[in-house]
Amino acid sequence: MSFPLLTATAVLPAIGAIATAAVPAARRTAAKWLALLVSIATLALAIVVLVRFDPDGARYQLTESHAWIADFGVRYEVGVDGIGVALLALTALLIPFIILAGWHDADPLETGSKRWRPTQGFFALILGVEAMVIISFEATDVFLFYIFFEAMLIPMYFLIGGFGDRAHAGSDENAAAQRSYAAVKFLLYNLVGGLIMLAAVIGLYVVAGNFSLQEIAEARANGTLDMATNTERWLFLGFFFAFAVKAPLWPLHTWLPNAMGEATAPVAVLITAVVDKVGTFAMLRFCLQLFPEASKWATPAILVLAVISIIYGALLAVGQRDIKRLVAYASISHFGFIIMGIFAMTSQGQSGATLYMVNHGISTAALMLVAGFLISRRGSRLIADYGGVQKVAPVLAGTFLIGGLATLSLPGLAPFVSEFLVLVGTFARYPVIGIIATFGIVLAALYTLVLYQRTMTGPVKPEVSAMPDLRVRELVVVAPLVVLLIFLGVYPKPVTDIVNPAVKSTMSDVHKKDPKPEVEAAK
């Protein structure tokens, strides 16, 4: 038997989480280093997966299949296609930076405080989320996917509610109440979506007789499994609703600004750059592959919701006074672009959407983590409490600017390529939707540049006059992300070469071809 590489990639952070939690209370620093080393080892395994993956090979590679709950047709089946392997690599890449950025976020509070932040638990929960997200990207058994799709809510709930942002206005009691509200809202929204999906998963089993993604998709393709039109549509809606909550798509998005605002900056990155990607990934893997006709039927309505997300998220970002909530609303707008690209039903749109998932993860991590470093220095999330930072902390301001410019998809930075592909793919089939979506780009420039102007330029406020620049640990976090933003902005081919074959397979699943240009090229 060959080495179970995919299983090892998910099991290693799970074991690391248990080991980190078991470190004695007095050995906080040892727990941090253990978590960091485990995350780096997981990244090394993810690189091996990436190297062994052949874009021109079988659709699902490095597959494993073992009997699990035989009486109900449940198997432990994992495998990665180009989309899954790209997001697996993104997750493994970001976790070490998240751990480094949050190095002191769970340290004990000030001397004399009766409250204690369990450092071991904080880093163990992060590794636990990593393990569950990775197995979600690998699972090709629908029931296996569902278990970890739901299970990741538990550690996320404790990360949001138990380790909130210290830069909170008001009393400790008020801050705790806000964190509790954000955590409960996150949990309830996602649990409702998950329960609806569970009903759809059971319905799929009743219709198909098993949970194997590949077997069901093959049966749909060769005609041996013929779902009634209404049945397929209801099952599709059950799956899509859960994924739209996770993504998040308007109007199911309202949990995200609360969760990101109250969480620490590294946990906010974990939410939007890692966990939320499971929702958009699952739309490609499960909705389009299992329910191709229902996906086409629902496309017009989903595109309308996506374009509302783009404009709505951007407009609310413009009016924000809180730095972290601004980034949260900007992410809602960006997820609208991703979902629009998926359901444009063109190869450019879906390639752009997948590339956008990767690039958004990197750009949001860069911007939010630098914002977290900024907030930790001043002790405030309010934009109005800053001014003139670039004069006292030029490196911090410069990296903040690069992260912001990536957020507005400046040409030469990674998100531009993906946003361009999404818009091209959408214009080709739905020109009106594409035209409306472009206003999101204008609004992105507005909220990003206004944020930079109000925080980094102008007279130096007395409260920031002694603000230190980025330290070595913080530079180690930010510098690689900036390098990646520039590299993938200039040369996205390594990612597109991996995802394009998977996108072609998805287009084949829904029986769609790219529309021909209306004007033929001159001979």
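Just so you know, these numbers come straight off a predicted model, no measurement behind them. We use all heavy atoms of the structure for the numbers below, so side chains are in, but hydrogens, waters and symmetry mates are not.
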Quick one: does any side-chain atom of S333 pair with a main-chain N or O of G313 as donor and acceptor, under 3.5 Å?
no
Evaluate L374 against M467 for side-chain contact (heavy atoms from CB on, under 4.5 Å), listing each step before the verdict.
CA-CA 9 Å; L374 178 70; M467 181 177 289; 3.8 Å; yes
Check whether T119 reaches the backbone of A106 with its side chain - one donor and one acceptor, N or O, closer than 3.5 Å.
yes
Determine whether F163 and L125 make a side-chain contact, defined as any pair of heavy atoms from C-beta on separated by less than 4.5 Å.
yes
Around atom CZ of R473, are there more than 12 heavy atoms of other residues, nucleotides or ligands at under 6.0 Å?
yes
Measure from the ring center of F145 to the ring center of F286 and say whether it is less than 6.0 Å.
yes
Return yes if some donor-acceptor pair links the side-chain N/O of E64 with the main-chain N/O of T7 below 3.5 Å, else return no.
yes
CH2/W68: more than 12 non-hydrogen atoms of other groups inside 6.0 Å:
yes
If you count heavy atoms of other groups shown closer than 6.0 angstrom to CZ of F241, is the number above 12?
yes
Pair E474 + R377, salt bridge at N-O below 4.0 Å:
yes
In short, A314 meets G440 closest at the heavy-atom pair CB-O, 4.4 Å
May I ask you to check whether over 12 heavy atoms, not counting those of Y146, lie within 6.0 Å of atom OH?
yes
Just by distance, with hydrogens left out, do E130 and T91 show a side-chain donor and acceptor under 3.5 Å apart?
no
Below 4.5 Å, heavy atoms only, C-beta onward: do L443 and L315 meet side chain to side chain?
yes
For the backbone of W103 and the side chain of K32, can you confirm whether one donor and one acceptor N or O come within less than 3.5 Å of each other?
yes
Using the ring pair (Phe, Tyr, Trp, His ring centres under 6.0 Å) criterion, which residues pair with F123? Sequence neighbours excluded.
none
Qualifying residue for side-chain contact (heavy atoms from CB on, under 4.5 Å) with V495, from V417, N359, L355
L355
Where is the tightest heavy-atom contact between L191 and E150, given as atom of each residue plus distance?
CD2-OE1, 3.7 Å
Please collect all ring pair (Phe, Tyr, Trp, His ring centres under 6.0 Å) contacts where either partner lies in residues 450-478, sequence neighbours excluded, each pair once.
none
Distance-only, no hydrogens or angles: does the K277 side chain make a donor-acceptor pair with backbone N or O of A247 under 3.5 Å?
no
Any chance you could measure L256, atom CG, to F186, atom CZ, to the nearest 0.5 Å?
10.0 Å
Looking only at heavy atoms, the pair that brings I95 and S39 closest together is CG2-CB, 3.8 Å
With side chains defined as the heavy atoms from C-beta onward, is the minimum distance between Y60 and V78 less than 4.5 Å?
no
Quick check: does any side chain N or O of D469 sit under 3.5 Å from a backbone N or O of L396, one acting as donor and the other as acceptor?
yes
Side chain to side chain, V464 and R378, heavy atoms closer than 4.5 Å:
yes
Side chains of D81 and R285: closer than 4.5 Å at any heavy-atom pair?
yes
Say whether Y329 and Q320, considering side chains only, have a donor N or O and an acceptor N or O under 3.5 Å apart.
no
Sub-4.5 Å side-chain heavy-atom contact between F400 and L451
yes
Can you find a pair of side-chain heavy atoms, one from V85 and one from V49, that are under 4.5 Å apart?
yes
Below 6.0 angstrom between ring centroids: does that apply to F335 and H253?
no
With a 4.5 Å heavy-atom cut-off, do I332 and P257 have their side chains touching?
yes
I'd like to know if the side chain of T140 reaches the main chain of E77, judged simply by a donor and an acceptor atom lying under 3.5 Å from each other, with no hydrogens or angles considered.
yes
Under 3.5 Å, side chain of S363 to main-chain N/O of H360, donor-acceptor pair present?
yes
Quick check: does any side chain N or O of W255 sit under 3.5 Å from a backbone N or O of V245, one acting as donor and the other as acceptor?
yes
Y386 and S380 side chains, donor-acceptor separation under 3.5 Å
no
Would a distance-only check, ignoring hydrogens and angles, find a side-chain to backbone donor-acceptor pair under 3.5 Å from R381 to G261?
yes
Could you tell me whether the side chains of Y189 and T254 share a donor-acceptor contact shorter than 3.5 Å?
yes
